[in-house]
Amino acid sequence: MNKKPGLLFAVVFFAIIILAASFNMNLGGGAIVKLKPGINPDTILYVCQITESNWNVFANVFSMWEKYVYMFFIFATIVLSFSWGWALYQNLLKDKFSADVYKNPWALTKMFFWAGVICTILAMTPNYYRTVHVRGDNRNWVLCENFSEGAHAVRAQAVELRQK
């Protein structure tokens with residue numbers, strides 16, 4: 001049985017909020033972008049201009065340090081590997097299993113995992129995976145729905161994935 005239903009509810013609710021924000025979902029639809037007669041809607045993508053938010057600015061600043069963050073995680077992985085190896089070596093020397101030697105490596109593993117999750121969330125904004133480049137336009141765009149505020153209809157051939 002789950003002893004903490006409030007925690008489970010909070011995690012599920014938090015995941016729903018993140019997904020809804022990431023995919024620009026809303027409860028009510030806005031005005032739908034009308035296409036000119038004769039245009040095949042299958043050849044059209046809808047894009048919206050990125051508005052600068054605190055989250056995007058923070059993620060851009062954080063991404064400047066991306067190389068150093070990767071270096072830290074590689075260093076931490078090496079230290080973590082040696083920590084687990086040392087715990088295993090101590091158990092092999094004693095020829096008896098002792099769970100106490102695994103407490104520190106397990107604590108380091110949990111800290112390392114959650115640090116990775118937090119760094120990923122800080123670096124990857126909801127717009128990170130939706131950002132596109134429209135040929136002939138230097139502004140920043142994201143894919144959106146035809147009812148999103150500020151949506152523009154663009155030929156699909158003119159839209160390219162963002163190259164980092």
Side-chain angles (χ1 to χ4, degrees), residues 2 4-33 35 43-87 102-164:
N2 186 1
K4 297 183 181 181
L7 178 64
L8 180 62
F9 175 75
V11 169
V12 170
F13 194 68
F14 188 61
I16 290 170
I17 290 171
I18 289 173
L19 286 174
S22 297
F23 293 101
N24 197 21
M25 299 172 103
N26 53 28
L27 296 176
I32 295 178
V33 175
L35 296 177
T43 62
I44 298 296
L45 288 175
Y46 298 94
V47 294
C48 297
Q49 191 170 359
I50 294 178
T51 56
E52 286 300 320
S53 66
N54 291 337
W55 187 270
N56 284 336
V57 170
F58 182 78
N60 289 337
V61 169
F62 188 79
S63 68
M64 291 188 314
W65 299 93
E66 189 174 14
K67 176 181 174 183
Y68 301 107
V69 171
Y70 284 144
M71 288 171 50
F72 168 76
F73 276 103
I74 291 170
F75 174 77
T77 302
I78 292 169
V79 170
L80 194 59
S81 298
F82 277 107
S83 178
W84 278 102
W86 181 250
Y102 292 105
K103 286 183 180 177
N104 286 340
W106 181 242
L108 285 173
T109 302
K110 289 190 290 187
M111 285 184 357
F112 179 67
F113 172 78
W114 286 112
V117 168
I118 290 169
C119 286
T120 302
I121 289 172
L122 292 176
M124 309 296 177
T125 66
N127 292 334
Y128 182 83
Y129 296 104
R130 300 185 313 153
T131 303
V132 293
H133 173 72
V134 177
R135 273 190 231 126
D137 194 340
N138 290 332
R139 293 179 287 180
N140 295 323
W141 298 95
V142 291
L143 291 176
C144 59
E145 299 292 331
N146 62 348
F147 56 83
S148 298
E149 185 178 332
H152 298 283
V154 179
R155 287 185 352 266
Q157 292 85 9
V159 177
E160 300 172 342
L161 287 175
R162 166 188 55 84
Q163 297 295 322
K164 190 171 182 184

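We number each residue from 1, following the sequence as shown.
- Ring-plane geometry between Tyr68 and Trp65 is classed as tilted, the angle between the planes lying from 30 to 60 degrees on a 0 to 90 degree scale.
- Atom OG1 of Thr131 and atom CD1 of Ile50 lie 4.0 Å apart (nearest 0.5 Å).
- Rounding to the nearest 0.5 angstrom, the gap separating the NE2 atom in His152 from the CD1 atom in Ile44 is 13.5 Å.
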N/O donor to acceptor pairs below 3.5 angstrom from side-chain atoms of residues 104-121, sequence neighbours left out:
| from | atom 1 | to | atom 2 | distance (Å) |
| --- | --- | --- | --- | --- |
| Thr109 | OG1 | Trp84 | NE1 | 2.8 |
| Thr109 | OG1 | Pro105 | O | 2.7 |
| Thr120 | OG1 | Gly116 | O | 2.8 |

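- Atom-to-atom distance recorded for Ser81:OG and Trp86:CH2 is 15.5 Å, nearest 0.5 angstrom.
- Between the CG atom of Asn140 and the NE2 atom of His133 there is a distance of 10.0 Å, given to the nearest 0.5 Å.
- Two residues are said to be in side-chain contact when any heavy atoms from C-beta on lie closer than 4.5 Å; Val47 and Val142 fail this criterion.
- Distance SG/Cys48 to CG/Asn146: 10.0 Å, rounded to 0.5 Å.
- Sequence neighbours left out, not one pair with a member in residues 119-128 passes salt bridge (Lys or Arg N to Asp or Glu O under 4.0 Å).
- Proximity of a side-chain donor or acceptor of Arg135 to a complementary backbone N or O of Gln157 within less than 3.5 Å is detected.
- A distance of 10.5 Å separates CG of Leu19 from CZ of Phe14, quoted to the nearest 0.5 Å.
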